[in-house]
Structures are given as structure tokens and as C-alpha cells.
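As C-alpha cells, the structure follows; a few thoughts come after it.
In what follows, chains carry the letters A, B, and so on, assigned in the order in which the sequence lines appear, proteins first and then strands, with residues in each chain numbered from 1. Since we're looking at a predicted model, the values are computed, not measured.
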Protein chains: 2
Amino acid sequence: MPDGDKTPSVRDQILDEATRLFAAQGFGATSVQAIAEAVGIRKPSLLYHFESKELLRDAVLERILARWNELLPGLLVAAAKEDRFDGVMNALTSFFLEDPDRARLLLREVLDRPTELRAMLVKHVRPWVAVVSDQLERARRDGFVHADADVEAYAVHVIHLVVGGVAVMETMGAALGGRSSVTRERMTKELVRLARAGLFVDPRRTTRSERSESARSERAGSKRNK
Amino acid sequence: MPDGDKTPSVRDQILDEATRLFAAQGFGATSVQAIAEAVGIRKPSLLYHFESKELLRDAVLERILARWNELLPGLLVAAAKEDRFDGVMNALTSFFLEDPDRARLLLREVLDRPTELRAMLVKHVRPWVAVVSDQLERARRDGFVHADADVEAYAVHVIHLVVGGVAVMETMGAALGGRSSVTRERMTKELVRLARAGLFVDPRRTTRSERSESARSERAGSKRNK
DNA sequence: CCATCTGTCTACCAGATGGTAGAGAGTGCG
DNA sequence: CGCACTCTCTACCATCTGGTAGACAGATGG
């Protein structure tokens, strides 16, 4: 009884379509009916897999969180090595650019259910912010990071910059001059530059790069696609 | 029939409550009934003032835009002067901090109606971005601004940083360590610092030395709803 | 063969939704 | 006074909402 590899299980299809629709229209504006239709089943069949719309919402959110948590260990390893900033920024941006619906859905949850999301943030984000800002605070005392920076608030802003930025990128790009085909690239590149220059006194130099071996160039050239 | 000074007209009360509820729950999740109840009238009375829910949404958005446009001329003057980074940032942050519902509502519109909002951005934001980035581009060539900056994309990111940042500030603050009473101040201050350091080669040096740290936050804090 | 379990369906529910019809109430005005 | 105008109301509508009841089909397994 293993899962079919070709066609995802009905359950997963429901989660896929629910993610898409919740991200696009919001939870309140999306009907169970609409999700069922998108999957190609009837409403009661959907409600057989998820007892209620609320539970479906929870499952959708949980799945995104689970995917992020799969990525976390590797991220922490990357953060421990030399090229922290690039590694972390790359992981963050990749995760959300890979499927912008994740960003849109999370952003909507923040707007729709602030209290619930606060609890979630305290549990899933705050410890990570603490780790990162510890590192940053050290770098700040060493003079690599702007002296007047509030590194903790900075970390939170950067998270929002990435999540929110990806969520609205396509639309906000309309405020830009050039052709829309390159909007995403431009915005992403400038986003990373802004985050870096907002942090480091000398943005061209990473925290401990002057002491690093040549492992840095390997890492930098690894994931620059799209 | 002049405007009552004490009690705003029913029409304005409807717009107020609609703004509040749309911002808090989203358009799709807010019923006409709920808005009418918040105002203290019956549903058909509301629909007498606004023929449909859609038209009410338009009116709400339009009113926010109108208020912003009242502010624009002064802002452009400030931007035209030599180095009025603080002026522009202050105007932006003040406008949204004064009533965070504006930020939340705009953010929701971007998520809910991307195509419509693109048109709005092209009309209302893009010209302003063009003016600002012209100034920034000049400053870049003069060496005041980071050489590798994409000033246009930067401007768009900063707009999002402020609008989105204000919209989610209270919730995202949960990822922060300290007490929540100072969260807003901390986040606002760091937001401005991040924007400045992300732009200027030497963030400390501005033509007008703004060295007071509390002059801004005092202006910012005014209204508390709910 | 029968019993059970899983999953999908049709038919239905009570309540909410956006919106309408039309009856007044209050005011202003000739 | 009567007429018109503005505004709010009760009563109602068709449609949609999330959710339930229960029939039925196809496996599974004794």
C-alpha cells in the first residue's frame, strides 16, 4: 500500500489546490466547493478527507511548515560555516521563490489570524531569530555590522522582506519601469543587496571571509539559477 | 447641510467601519451585514449609500488614495531638495503608522486583486518611483549611494518594506525577544535604519543631521484602535 | 460467500450571503 | 396643507455556505 508515485493521493491533491486557492483568494473567500471542483471531486468527498474547512486550513499551513523544517538543519549547517549570510539568504529566498504561494499564504495568515500566528512565530521563528541575531550581535561588536543596528529587529525585517517581498513581487513590479520578464530577477537581486548593505559596514565583505579557505567560492557559485 | 463636526456622516461611518473590517478580515470574509451592524444601521440602509459591496470596496480604496494624494505634493517638494531621505521616509512611515489599517488594506488588495492593483500602481506609484529614483541615480553617480544598487528596485522594496512592514509589524514582533510595548518603536527605527544603510555608502552622513532618535517616533504614535 | 472497510457519490439541511421591494418617517418648501 | 426628497426600516428573495445522512461501489480478507 505505498503511495502511487505518478498521481499524488487525493489528499495531497486537495492540499495542493487548497494551498493555491487560499493563497490566491484568501481562506474566507474560498469555498470548499471551489476546492473540490479544482480537484475534480464532490464536496462531501473532500470533507471525508478533512473533517472541516478549518482543519483543512491547518493541514495546509502545517505542510508548509513541515517542508520548511526539512530544510532547516541544512540551513543551520550552512549558517555555521563561513558564508553565513549568503547561505541563509539563499535558502530563504529559494524556499519561497520555488513556490510563491507559500509566501502569499503565510502573509495572509499573518493578516487573517494575528493571534494564532503570533503563537506560531514564537514557536517556529523566534528561536531561529535568536540564533541568527546572536551571531550578528557578535559580528556587530567586531565591527563588521553597522554599530547602530538592532540586529534582532533586522532579522525580523529581513524575514518579512523575503516572505512579503516574494508574495507581492509580481504585482509590485508594476511600479517598476522595465519589462516585466526581468522584474523577478531585478527585485530578487536588489532585495538581497538591500539586506546585505543594510547589515554590513562593508557589504562586499562577509563576516569572516578574510579568514576563510577557498570553500567560499564553491558555495557562492552553487545556487544562482532562475 | 454642512458636515457635522461631532458625528461624521453615516456615509463616512460606513467607510470607516468598512476600512476597519476589510483590513482585519479581508473583503471576502467581511459581510455587508457585519459592516452595517458595526455602524449601527440595517443592511438595506447601508446599501442605500453604496449600491453594492464592490462599490463600497472601491470607495474605501479611493478614500485612502485620496488622502495619500493630499500628501504627495509636499512629499515631492521634499524629495526634490538635495538630500531629503528623512523627509520622504518620515512621510511614508507616518502615513501608514497613523492608521495601520491603510497598510493592511492595501496589502490585502495587492494579494486579492493583483491585476487591478497593477493598474493602480502604474498610475499612482510608478511616476513617483520614477522621480525618486532619478534623484537616487544622480546621488549614486556622485558616490553617495551604493554603486551596485538598482535604485528603482530599491525604491519599490522600500515602499513594500514600509507598507508591508506596518501591516504585519504587530504580529511579526512576536518573533522578537523583548517586551511588546516597545516593539513598534524598535521595528520602526530599525526599518528606517535598514532602508538608509541599504542605500547610502555612508549612512551617517545626510545633509541635514538628524541625530535625535525620538523626534520621529513621537510623530508616529498617535492612534490606537480596538 | 459474506462481512468489513475505504472512498465517492446524491440528496439534503439550516443558516448566511448580497441584494431588492416597498412601506413609512422626517424634513423642507410652495 | 400637500408634495417631494432623503433616509431608514421590515420583509423577502434566490443563491451559496459549511456540513450531514446515507446509499452504493470496489476492494480486502476470513
Side-chain angles (χ1 to χ4, degrees), chain A residues 1-63 105 108-109 111-113 116, chain B residues 1-63 105 108-109 111-113 116:
Chain A
M1 307 14 156
D3 310 322
D5 298 307
K6 281 207 167 177
T7 22
S9 69
V10 175
R11 210 190 132 90
D12 281 339
Q13 284 185 63
I14 295 171
L15 286 171
D16 287 344
E17 297 299 330
T19 304
R20 228 195 63 227
L21 290 168
F22 287 163
Q25 316 175 327
F27 177 80
T30 303
S31 66
V32 177
Q33 176 92 293
I35 303 168
E37 263 172 32
V39 175
I41 58 176
R42 309 287 155 244
K43 193 172 47 162
S45 304
L46 189 156
L47 288 165
Y48 167 81
H49 294 280
F50 299 91
E51 286 188 16
S52 78
K53 198 187 174 190
E54 288 290 339
L55 289 178
L56 174 55
R57 155 196 249 161
D58 292 347
V60 165
L61 188 58
E62 206 173 301
R63 197 175 61 155
L105 197 130
R108 278 190 189 277
E109 287 287 309
L111 290 170
D112 287 347
R113 305 196 296 172
E116 289 87 337
Chain B
M1 293 24 164
D3 309 323
D5 298 307
K6 283 209 166 179
T7 23
S9 70
V10 175
R11 211 192 132 89
D12 281 339
Q13 285 185 63
I14 294 172
L15 286 172
D16 287 343
E17 297 299 331
T19 305
R20 229 196 61 228
L21 289 169
F22 288 163
Q25 316 174 326
F27 176 79
T30 303
S31 65
V32 177
Q33 176 91 295
I35 302 168
E37 263 173 32
V39 175
I41 58 177
R42 309 288 155 239
K43 194 172 47 165
S45 304
L46 189 156
L47 288 165
Y48 168 82
H49 294 279
F50 300 91
E51 287 188 15
S52 77
K53 200 187 172 187
E54 287 291 339
L55 289 178
L56 174 54
R57 155 196 249 160
D58 292 346
V60 166
L61 188 57
E62 207 174 300
R63 197 175 61 155
L105 197 130
R108 279 190 189 277
E109 287 287 310
L111 290 170
D112 288 348
R113 304 195 297 172
E116 289 88 336

Whole angstrom value for the distance that separates [atom2] of [N] from [atom1] of [X]:
X     : N      : atom1 : atom2 : answer
A/F50 : D/dG18 : CZ    : C1'   : 16 Å
B/R42 : D/dC7  : CZ    : P     : 18 Å
A/L46 : C/dC9  : CG    : P     : 11 Å
A/Q33 : D/dT15 : CD    : P     : 15 Å
A/I14 : C/dG7  : CD1   : C1'   : 11 Å
B/I35 : C/dT17 : CD1   : C1'   : 12 Å
A/E51 : D/dG18 : CD    : P     : 16 Å
B/Q25 : C/dT17 : CD    : P     : 11 Å

Would you check if B/L56 and B/V32 make a side-chain contact, meaning some heavy-atom pair closer than 4.5 Å? no
Looking at [X], does any N or O in its side chain come under 4.0 Å of the phosphate oxygens OP1/OP2 on [N]?
X     : N     : value
B/S45 : D/dC9 : yes
B/Y48 : D/dC7 : yes
B/H49 : D/dT6 : no

In the strands shown, is D/dG30 matched to any nucleotide by a Watson-Crick or G-U wobble pair with both distances under 3.5 Å, and which?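 Here D/dG30 is engaged in a pair, and the nucleotide opposite it is C/dC1.
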Just compare C/dA21, C/dC9, D/dG19 and give me whichever is closest to any side-chain atom of B/P44.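 Within the option list, the nearest is C/dA21.
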Among C/dG19, D/dG19, D/dC9, find the nucleotide with the atom closest to the side chain of B/I41. D/dC9
Tell me if the CD atom of B/E62 is crowded by more than 12 foreign heavy atoms within 6.0 Å.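 Result for CD/B/E62: open.
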When you look at CD of A/E51, are more than 12 heavy atoms from neighbouring residues, nucleotides or ligands closer to it than 6.0 Å? no
Under 4.0 Å, heavy atoms only, any strand: does B/S31 hit a base, just the sugar-phosphate, or nothing? sugar-phosphate
Is there a donor-acceptor pair under 3.5 Å between the side chain of A/R57 and the backbone N or O of A/A18? no
Ignoring hydrogens and angles, does a donor from either the side chain of B/K43 or the base of C/dG19 sit under 3.5 Å from an acceptor on the other? yes
Spatial distance of atom CG (B/L61) from atom CD (B/E109) [nearest 0.5 Å]: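 Interatomic distance, B/L61 CG to B/E109 CD, rounded to 0.5 Å: 5.0 Å.
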